[in-house]
Participant: 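Mind having a look at this structure? Questions to follow.
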Amino acid sequence: MRVRKLLIGLAAAAIAVTVVTLGAVAVDFGSSIYAEYRLSCSVRKAANLRSDPFVAIVAFPFIPQALRDHYNQVEIKANAVDHATVGKATLEATMYSVDLAHTSWLIGPDARLPVGKLESRIIIGSTHLGRYMGISDLMVEAPANETNTATGGVTASGISDSHGLVFSGTPHSANFEHRVSVSVDLSIAPEDQATLVITPTGVLTGPDTADQAVPNDKRDAVLRAFTARLPNQRLPFGVAPKTEGARGSDVIIEGISYGTTVDLDGFKQS
């Protein structure tokens, strides 16, 4: 009888501990979700976006970080943002070691956030880039000979090298009605860090290309069709560009800064 009572007591205690633990996890998770929601609304208001961006506060447990006025990592991503040059673009920012000492754990639109490290990206999809370049069926691929990391690129965030990207499409402006593949280099204009320069270096044939040769008398015109300059490529929070490349079928410009202070109204720059 005593053993039975002991077992019942242990089972009851275990159930109580489980209930308390689950309750604590639920409260922690709910607090995190609410903080993300409030930050998303704040970014939308401050940066004058059309919709709430995706926000993730990477923290578990969350409440201890909030009590310490310090978030280890915060991610912000806004899709289909109006862009003066290409029509639409995606904006991303990842902040590490975010100091909340002078604001609330529910970050408001007027908050100033000291951060230890800031990664900033502007992402241009091949559809919008193709429309800008006049190549309606444009596809973008990373360099064929690239040695990928676990993230799918040569940088930690999966961005390819800036040399030897493969642009494929039909260059109608060259009066050439066949889909071709061209090797392309990306760079930032030396006179303007907000201008992305697309420079074709040659026509590609063979596996994993359009495999379409271009006659010599059309070659220059075809290469010109894949030449472009994209102004107004200002990264979120005004970070200077450091890397240009591809990820999937997107062209990405990325910059990294350290020891900076972020104002949420600077998320959208162009």
Side-chain angles (χ1 to χ4, degrees), residues 83 85-86 89-92 94 119-135 137-171 173-174 176 178-214 216 218-236 239-257 270:
H83 191 278
T85 300
V86 296
T90 295
L91 305 179
E92 288 185 353
T94 304
E119 297 174 354
S120 180
R121 304 174 197 92
I122 184 167
I123 303 170
I124 307 166
S126 57
T127 298
H128 290 95
L129 179 59
R131 289 172 183 168
Y132 177 80
M133 296 176 67
I135 302 175
D137 57 347
L138 181 70
M139 288 294 294
V140 176
E141 297 176 88
N145 61 349
E146 180 178 291
T147 302
N148 289 339
T149 68
T151 60
V154 298
T155 71
S157 51
I159 301 174
S160 78
D161 188 73
S162 61
H163 300 282
L165 281 73
V166 181
F167 278 29
S168 299
T170 307
S173 63
F176 193 76
H178 301 282
R179 185 174 174 82
V180 298
S181 294
V182 171
S183 177
V184 164
D185 292 346
L186 303 180
S187 62
I188 297 298
E191 74 281 3
D192 180 13
Q193 287 196 324
T195 296
L196 177 69
V197 180
I198 300 175
T199 306
T201 58
V203 176
L204 300 173
T205 57
D208 301 319
T209 72
D211 200 22
Q212 174 67 53
V214 177
N216 288 335
K218 292 284 188 179
R219 186 181 181 85
D220 289 345
V222 166
L223 292 180
R224 279 196 301 271
F226 285 89
T227 302
R229 292 173 62 92
L230 280 70
N232 300 314
Q233 305 305 314
R234 297 179 178 86
L235 302 185
V239 178
K242 181 181 179 181
T243 302
E244 312 83 51
R247 187 173 66 192
S249 191
D250 300 325
V251 166
I252 303 182
I253 309 169
E254 180 182 64
I256 300 175
S257 65
S270 297

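The figures that follow rest on heavy atoms only: side chains count, while hydrogens, waters and symmetry mates do not.
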Participant: Backbone N or O of Pro231 within a donor-acceptor pair of the Thr85 side chain at under 3.5 Å?
Facilitator: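 Confirmed, Thr85 side chain pairs with Pro231 backbone.
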
Participant: Could you pull out the closest heavy-atom pair between Gln212 and Arg179, with the gap in Å?
Facilitator: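 Smallest interatomic distance, heavy atoms only, reads CB-O, 3.2 Å.
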
Participant: Which heavy atom of Val166 sits nearest a heavy atom of Ala142, and at what distance?
Facilitator: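 What the structure gives for the nearest pair is CG2-O, 4.2 Å.
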
Participant: Using modelled atom types only, decide if a donor and an acceptor are shared between the side chain of His178 and the backbone of Ala210 within a distance under 3.5 Å.
Facilitator: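 Side chain of His178 to backbone of Ala210: no pair is present.
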
Participant: Can you list everything that forms a salt bridge (charged side-chain N to carboxylate O under 4.0 Å, His left out) with Arg121? Sequence neighbours excluded, please.
Facilitator: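 Salt bridge (charged side-chain N to carboxylate O under 4.0 Å, His left out) check on Arg121 returns Glu92, Glu119, Glu254.
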
Participant: Would you compute the distance between atom CG of Leu186 and atom CG of Asp161 and round it to the nearest 0.5 angstrom?
Facilitator: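 Spacing of CG (Leu186) from CG (Asp161) equals 9.5 Å.
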
Participant: Tell me the closest heavy-atom pair linking Leu165 and Gly245, and the distance in Å.
Facilitator: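 Minimum heavy-atom contact is CD2-C, 4.0 Å.
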
Participant: Can you tell if the side chain of Ile198 reaches within under 4.5 Å of the side chain of Phe226, non-hydrogen atoms only?
Facilitator: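 Answer no - side chains too far apart.
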
Participant: Nearest 0.5 Å, what's the CD1-CG distance between Ile124 and Asp250?
Facilitator: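 It is 9.0 Å, given to the nearest 0.5 Å.
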
Participant: Would you compute the distance between atom OG1 of Thr127 and atom CG of Asp137 and round it to the nearest 0.5 angstrom?
Facilitator: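 Spacing of OG1 (Thr127) from CG (Asp137) equals 10.0 Å.
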
Participant: Taking all non-hydrogen atoms of both residues into account, name the closest pair between Phe176 and Thr170 and its distance.
Facilitator: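 Nearest pair, atom of Phe176 first, then Thr170: O-CG2, 3.7 Å.
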
Participant: Indicate the atoms forming the closest heavy-atom contact of Val239 with Ser257, along with that distance.
Facilitator: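 Shortest heavy-atom separation between Val239 and Ser257 comes out as CG2-OG, 4.0 Å.
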
Participant: Quick one: pull up CG in Asp208 and OG in Ser168 and give me the separation to the nearest 0.5 Å.
Facilitator: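 Taking CG in Asp208 and OG in Ser168, the distance rounds to 10.0 Å.
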
Participant: Taking side chain as C-beta onward, heavy atoms only, is Val251 less than 4.5 Å from Phe167?
Facilitator: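 Yes - at least one pair of side-chain heavy atoms lies under 4.5 Å apart.
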
Participant: Passes side chain to side chain contact (heavy atoms under 4.5 Å, CB included), Thr201 versus His163? Steps please.
Facilitator: CA-CA 9 Å; Thr201 58; His163 300 282; over 6 Å; no

Participant: If you draw a 6.0 Å radius around CG in Asp192, do more than 12 non-hydrogen atoms from other residues or ligands fall strictly inside?
Facilitator: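 Above 12, so yes.
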
Participant: Would you say that Ile123 contacts Arg247 through its side chain, given a criterion of any heavy-atom pair below 4.5 Å between the two side chains?
Facilitator: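 Counting from C-beta outward, Ile123 and Arg247 do come under 4.5 Å.
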
Participant: For the side chain of Asp211 and the backbone of Thr205, is there at least one donor-acceptor N/O pair under 3.5 Å apart?
Facilitator: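 No, Asp211 side chain to Thr205 backbone: no donor-acceptor pair under 3.5 Å.
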
Participant: With rounding to the nearest 0.5 Å, note down the distance linking CD1 in Ile188 to NZ in Lys242.
Facilitator: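 Separation between the atoms: 13.5 Å.
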
Participant: When you measure from the side chain of Ser249 to the backbone of Met139, do you find a donor-acceptor pair of N or O atoms at a distance under 3.5 Å?
Facilitator: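 The answer is no, because no donor-acceptor pair under 3.5 Å joins these two groups.
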
Participant: Side chain to side chain contact (heavy atoms under 4.5 Å, CB included) between Val140 and Val184: does it pass, once the steps are laid out?
Facilitator: CA-CA 10 Å; Val140 176; Val184 164; over 6 Å; no

Participant: Evaluate the side chain to side chain contact (heavy atoms under 4.5 Å, CB included) criterion for residues Leu230 and Leu129: first the C-alpha distance (whole Å), next the side-chain angles of each, then the deciding distance (0.1 Å), finally the verdict.
Facilitator: CA-CA 9 Å; Leu230 280 70; Leu129 179 59; 3.6 Å; yes

Participant: I need the Leu138 CG to His128 NE2 distance, nearest 0.5 Å.
Facilitator: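 Going from CG on Leu138 over to NE2 on His128, the span is 12.5 Å.
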
Participant: Nearest heavy-atom pair of Arg234 and Ile122: which atoms, and what distance?
Facilitator: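 Scanning both residues, the minimum pair turns out to be O-CD1, 4.4 Å.
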
